Amino acid sequence: MPSLRELLAGDPVVVAPLLLGKILSVGGTSGRIAEVEAYRGGEDPASHAFRGRSKRNATMFGPPGHLYVYFSYGMHYCCNVVCQPEGVAGAVLVRALAPLAGLEEMSRRRLRAKSERDLCSGPGKLCQALGIDHSFDGLDLLSGSGPVRLSGDGSVRAAAIGSGPRIGLAPGLATAGEPWRFFLVGDPNVSRRASPDG
DNA sequence: ACCGGGATGTTCT
DNA sequence: GAACATCCCGGTG
C-alpha cells in the first residue's frame, strides 16, 4: 500500500478523485472533501504554473502533500493540495466540503451563511469557514502536527464519483473542456449549477 | 430558478 | 490596463 504522500506525488488528474472523501481539518473545524479540480502544471493553460514559477505559485513546484493557497478576486482565498514530485508543478483545488466538525465556529466566520449548505459549498467559502488564509501557504498537510491536516483511509466507490469540466475557466483555453472536475454524486455541497444531478 | 454586475487586489502584459 | 481557479445581492420569470 503506497502512503498518502506517495499517492499525491502523481498526476493531479489521477490524484483528484482519490481526495474525495478525505478529511481536511484546521483546528476544531473539519470537512469531508466533496468536490475537487485537477490543475496540471506546464501542460495546462488554466494552471497558475503554466507560465513557469513565480512568487505566487512557488508552492506548486514544491513537494507533494503541502497546501497551496492563493488570493482570488481581491476577496477570497482558495486552497489546493500540491501534487507531483518536488520540482514538477501540479495541484488539486478543493472546491467543496461536507462540514463535519466545528460548525458553530464555521458559522461565526461565515455570517452570510443561511444554512449548513452555505458553509463550505465553494472554494472561497470553505477557506473562510476553516480560517485558511495566505499564512497557510506551503504548510505540510501530512506532518500530523501542523495547523492544517489531510486525513482519511480508504477510497470512495467509483460509481459515487461524478466528473465534468472545471468551473470558471475562460472558454478558449485548450484544456477548458477536459473533465478534470470530480465530485461526490448527490452531495448537497457540490456546485449545483454545474452538476444538475448533484 | 436564472442571470447580471459590483466588490477588490495581485499578477502579468 | 486587463484578466482572474469567486461570492453576494438584487433584478426578473
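Predicted model, so just to flag it, every value in this text is computed and none were measured. Only this structure's heavy atoms are used, side chains among them; waters, hydrogens and symmetry mates stay out. Letters A, B, ... are given to chains in the order of the sequence lines, protein chains preceding strands, and every chain is numbered from 1.
Remark: DNA chain B takes part in the stems B:1-7 with C:6-12, B:9-12 with C:1-4, each of 3 or more antiparallel Watson-Crick or G-U pairs, criterion distances under 3.5 Å.
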Contact pattern, 5' to 3', of nucleotides 3-10 of chain C - B, S or - by protein heavy atom under 4.0 Å: -BBBSSS-
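Look at A:D44 and A:R166 and you find a salt bridge, because one of the NZ, NE, NH1 or NH2 atoms lies within 4.0 Å of a carboxylate O, short of that distance.
A tilted orientation is assigned to the rings of A:F71 and A:Y77, their planes being inclined by 30° to 60°.
Distance CZ (A:F71) to P (B:dT11): 10 Å, rounded to an integer number of Å. Between A:D137 atom CG and B:dT11 atom P there is a gap of 11 Å when expressed in whole angstrom units.
Within the 3.5 Å criterion, the main-chain N or O of A:V94 finds no donor-acceptor partner in the side chain of A:E35. One N or O on the side chain of A:R109 and one on the backbone of A:A129 form a donor-acceptor pair closer than 3.5 Å. A:N80 places no side-chain N or O within 3.5 Å of a backbone atom of A:A91 that could act as its donor or acceptor partner. A distance-only check finds no donor-acceptor pair linking the side chain of A:K125 to the backbone of A:R95 [under 3.5 Å]. Side-chain atoms of A:N57 come within 3.5 Å of backbone N or O of A:H48 as a donor-acceptor pair.
With sequence neighbours excluded, the residues satisfying side chain to side chain contact (heavy atoms under 4.5 Å, CB included) with A:A38 are A:P12, A:V13, A:A16, A:W180.
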